[in-house]
Amino acid sequence: MLLKERLPALPIEHFVVIINPSTYIKTEKDNSYIFKRVIHAEKIVDRLMEAKSAYNKQIMWPNQLQTLNELIFARNTLLENRILSEYGISEKELFKRGAMSLLQIFYP
């Protein structure tokens, strides 16, 4: 979409945040890159600051940001994804774990 509209490419960072501080993250030695993407909640501010310092150059001008904002709102569509049935997870299982309220926000 950005290239089609002649807007510059934007860097996109992603990571997974684990809320439970007692959760232990373990992986094989070859998969150590996972520790850059899966973090505990208490490290989220550090990770955001790292991303902010990595991308300190201005990429878009205010008029380009306005154009991007308008494009996103104009092309926004509701996700029709039934993630629970896709992975065979029952709603009762989520209620037990307290995750259902989050899923209701993102998947009404």
Side-chain angles (χ1 to χ4, degrees):
M1 175 176 77
L2 294 175
L3 294 177
K4 183 179 177 182
E5 299 296 332
R6 296 187 179 146
L7 293 170
L10 297 174
I12 298 175
E13 289 285 333
H14 65 279
F15 51 91
V16 176
V17 179
I18 297 175
I19 295 173
N20 186 341
S22 64
T23 301
Y24 181 72
I25 305 168
K26 183 178 177 181
T27 185
E28 299 293 323
K29 193 174 189 177
D30 294 341
N31 296 331
S32 62
Y33 66 91
I34 289 174
F35 293 116
K36 291 273 189 192
R37 298 286 175 223
V38 181
I39 61 171
H40 281 100
E42 64 268 7
K43 298 289 185 186
I44 193 168
V45 173
D46 295 336
R47 187 55 51 90
L48 291 173
M49 295 306 288
E50 285 176 20
K52 183 179 178 182
S53 66
Y55 304 107
N56 56 8
K57 179 183 171 190
Q58 182 174 349
I59 296 173
M60 287 188 165
W61 296 102
N63 63 326
Q64 292 174 309
L65 286 172
Q66 181 64 33
T67 301
L68 178 60
N69 187 40
E70 291 168 3
L71 287 170
I72 289 171
F73 277 107
R75 296 181 184 175
N76 186 30
T77 57
L78 182 61
L79 177 64
E80 291 293 330
N81 188 354
R82 303 291 172 227
I83 197 163
L84 295 180
S85 60
E86 187 175 322
Y87 289 98
I89 300 171
S90 71
E91 287 186 15
K92 289 180 183 179
E93 185 176 354
L94 290 177
F95 280 120
K96 289 179 194 173
R97 298 175 187 210
M100 194 59 192
S101 58
L102 285 176
L103 281 178
Q104 287 172 335
I105 291 170
F106 294 108
Y107 304 103

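Within the model, atoms CG of Asn69 and CD of Gln64 stand 13.5 Å from one another, a figure rounded to the nearest 0.5 Å. Atom OG1 of Thr67 sits about 11.0 Å away from atom CD1 of Ile72, to the nearest 0.5 Å. Distance check: Leu7 CG to Ile59 CD1 gives 12.0 Å after rounding to the nearest 0.5 Å. Leu10 CG to Leu65 CG: the interatomic distance, rounded to the nearest 0.5 Å, is 8.0 Å. Considering NZ of Lys43 and CG of Leu48, their distance stands at 13.5 Å, rounded to 0.5 Å. Distance check, rounded to the nearest 0.5 Å: NZ of Lys26 to CG of Asn31 gives 13.0 Å.
Residues Val38 and Thr27 have side chains not in contact (no heavy-atom distance under 4.5 Å, counting atoms from C-beta outward).
A 6.0 Å sphere centred on CZ of Arg6 holds no more than 12 heavy atoms belonging to other residues, nucleotides or ligands.
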Output side-chain donor-acceptor pairs under 3.5 Å for residues 13-20, partner residues at least two apart or in another chain, one line each.
from, atom 1, to, atom 2, distance (Å)
Glu13, OE1, Arg37, NH1, 3.4
Glu13, OE2, Tyr55, OH, 2.6
Asn20, OD1, Ser22, N, 2.9
Asn20, OD1, Ser22, OG, 2.7

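A donor-acceptor pair under 3.5 Å is formed between the side chain of Gln58 and the backbone N or O of Met60.
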